[in-house]
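Notes to accompany the following structure.
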Amino acid sequence: MRIGVLALQGAFIEHRHMLEALGVESFEIRQKSHIPTAFDGLILPGGESTTMGKLLRELELFDPIQTLIKGGLPVFGTCAGLLLLAKEIANDDKRHLATMDIRAKRNAYGRQLGSFHTRAEFKGLGEIPMTFIRAPYVETLWDGTEPLAEVDGKIVAARQGRQLVTAFHPELDDDLSVHGYFLGMVTGSE
Amino acid sequence: MQNDRSELNRNLAQMLKGGVIMDVTTPEQAVIAEQAGACAVMALERVPADIRAAGGVSRMSDPKMIKSIQEAVTIPVMAKCRLGHFAEAQILEALEIDYIDESEVLTPADDTYHIDKTRFAVPFVCGAQNLGEALRRINEGASMIRTKGEPGTGDVVQAVRHMRMMQAELRKIQALRTDELYHAAKELQVPYDLLVYVSDHGRLPVVNFAAGGIASPADASLMMQLGAEGVFVGSGIFKSGDPARRAAAIVQATTNFTDFKLLAEISADLGEPMVGINEQEIELLMAQRGI
């Protein structure tokens, strides 16, 4: 199994470390030539969605990645990655890959002083650590998109088919279970 | 709810990695920076080149100006306070700034003591010329480090010197025997525990950016290849002929810093770079402030 990690900006190395800990091979995608003919899943990391969205277009990664996701490539977006996948963003005019039926709210907890760490239930995984850094949340979802976790009544993880998003950063904590869940989506066991 | 601010603040720096943080002096410049792909902006009244030219005492920026920039963009907004000026920092915290730069670019307010950054909920980034300075700042609570470089010059030589020094010292510490770390801690004037972390991991316990004199895509690539995890660009963008274009090119160069064909393309036709001054021509070395 080989998982690509979008490495335009942000915390992509942290995701690669999680995959390494799970014994899974990963590689970085910084430009079009880094997309191999065959691979098994894609992670869109945390960082700044405006930066990544712009580089996706400038580096001509936008169309091939959108096509792959629409074609069923399993994808996992954390924080900024969630915003890249959202079809709607409540407080931002920009849309990016827009492949997932969610309406996200950007910087939903305010500035850095609103960043926090907590533990909460994740469907099927039990209680897990969740670190939110200037995080978004999912305001609404539709068309078979399933909420997987809530914090204070807000949806912070969701799944639609082979697309998984978390508003928090599992790659910043030691708990490997969300990455394990995504790998289960890749192999078809989840 | 467990809230370890220092961990959360280090985490925000992790999200900035691979990105470019740009100095801006107006909301209009902040929007240009955001649209060019900046991962954060540094709000200040004058870019370092103008601070250097104007002389006199340079202080924290007007909160009104900082607020107007916070309202103009959605990316993190940073602002500078003077070395040791904890009251300026308290004011910046009240503005809910995303990161405070306790900066040698401004006139130092205290020639002995840095701010006790552990007392703040907002994060701090601090400049360092070498490993000792970096670890002392981290011990005081900095959750991100940048090289000092020599701000406002457009001359990258000092940023290179500081980054090379830091990387060489990191490698040296890794090669030491455990019993030699006690002496190294004494020599570097840093806490033993932080040196043990460096020895175990071969890196600082926080994110390390390059800053000072970066003015072109090639400069950004150079610093990334020397081990920087991202770059600050101060005067280099808005003192150049075509800021939007140069800013976008530096963002691309920071992501694909080893694709030299791409670097050749994006370095073409960027207009006038900032004129710059050589380090031998300047009288005030800001990097020597606050060690």
Side-chain angles (χ1 to χ4, degrees), chain A residues 6-15 28-34 45-59 61 78-80 83 89 91-94 106-107 110-120 129-136 151-152 168-169 171-173, chain B residues 1-5 7-21 31 33-41 70 73-78 93-100 120-124 143 203 207 229-230 247-249 251-252 254-259 261-262 265-266:
Chain A
L6 189 70
L8 300 177
Q9 190 268 323
F12 47 85
I13 290 155
E14 289 79 352
H15 279 288
E28 294 180 3
I29 300 175
R30 292 171 186 265
Q31 49 181 266
K32 210 162 58 172
S33 65
H34 296 168
E48 279 306 317
S49 62
T50 50
T51 305
M52 287 191 242
K54 176 157 198 290
L55 287 169
L56 273 175
R57 290 174 179 89
E58 272 180 4
L59 295 162
L61 282 162
T78 58
C79 194
L83 294 168
I89 304 176
N91 49 347
D92 193 339
D93 302 334
K94 292 183 202 75
R106 212 177 151 205
N107 297 337
R111 301 183 186 280
Q112 173 61 5
L113 277 176
S115 294
F116 65 100
H117 180 87
T118 188
R119 297 181 65 86
M130 298 181 180
T131 299
F132 294 81
I133 305 293
R134 284 174 51 97
V151 170
D152 297 333
F168 57 93
H169 293 279
E171 76 280 11
L172 295 179
D173 287 298
Chain B
M1 203 176 278
Q2 176 207 338
N3 267 315
D4 181 348
R5 290 309 311 178
E7 193 56 39
L8 291 168
N9 289 339
R10 289 178 183 196
N11 289 159
L12 175 58
Q14 286 174 272
M15 296 306 142
L16 300 173
K17 280 189 300 179
V20 182
I21 301 168
V31 170
E34 183 176 48
Q35 286 173 351
C39 68
V41 290
Q70 285 176 317
V73 295
T74 58
I75 55 179
V77 177
M78 304 183 166
E93 183 169 60
L95 293 173
E96 298 197 13
I97 202 81
D98 291 301
Y99 243 97
I100 298 175
F120 288 78
V122 292
F124 280 81
S143 38
R203 49 162 297 139
V207 167
E229 295 180 280
V251 169
Q252 279 219 37
T254 305
T255 296
N256 281 296
F257 59 92
T258 56
D259 182 340
K261 274 190 178 160
L262 179 74
E265 275 171 41
I266 61 178

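Convention: sequence-line order gives letters A, B, ...; per-chain numbering from 1. Note that these values count all heavy atoms, side chains included, but never hydrogens, waters or copies made by symmetry. Note that the structure is a prediction, hence the values are computed from the model and not measured.
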* Report the option among A:N91, A:L8, A:D92, A:I13 that has the most heavy-atom pairs separated by less than 4.5 Å from atoms of chain B. =>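 The residue among A:N91, A:L8, A:D92, A:I13 with the greatest pair count is A:L8.
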* Picking from A:M52, A:K94, A:H169, which has the most non-hydrogen pairs under 4.5 angstrom with chain B? -> A:H169
Under 4.5 Å heavy-atom distance to chain B, tell me which part of [X] shows up: side chain, backbone, both or neither.
{"X": "A:E28", "answer": "neither"}
{"X": "A:R111", "answer": "both"}
{"X": "A:A80", "answer": "neither"}
{"X": "A:L55", "answer": "side chain"}

Between [X] (side chain) and [Y] (backbone), is there a donor-acceptor pair under 3.5 Å?
{"X": "A:R30", "Y": "B:T255", "answer": "yes"}
{"X": "A:N107", "Y": "B:T74", "answer": "yes"}
{"X": "B:D98", "Y": "A:Q112", "answer": "yes"}
{"X": "A:T51", "Y": "B:G37", "answer": "yes"}
{"X": "B:N256", "Y": "B:D259", "answer": "no"}

* Asked: B:E93, B:E7, B:Q35, B:E229: which one forms the most heavy-atom pairs within less than 4.5 Å of chain A?
  -> B:Q35
* Against chain A, work out which of B:P76, B:A38, B:A36 has the most heavy-atom pairs shorter than 4.5 Å and name it. =>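 That would be B:P76.
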Need one label for [X]: side chain, backbone, both or neither, based on atoms under 4.5 Å from any heavy atom in chain A.
{"X": "B:F257", "result": "side chain"}
{"X": "B:A40", "result": "neither"}
{"X": "B:Q70", "result": "both"}

* To do: Assess the side chains of A:E48 and A:Q9: does a donor N or O sit below 3.5 Å from an acceptor N or O?
  => no
* In terms of side-chain heavy atoms, does A:H117 have a donor or acceptor partner in A:T131 at a distance below 3.5 Å? ->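 Note: A:H117 and A:T131 side chains meet the donor-acceptor criterion.
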* **Spacing of A:D152 atom CG and A:T118 atom OG1 [to the nearest 0.5 Å]** => 7.5 Å
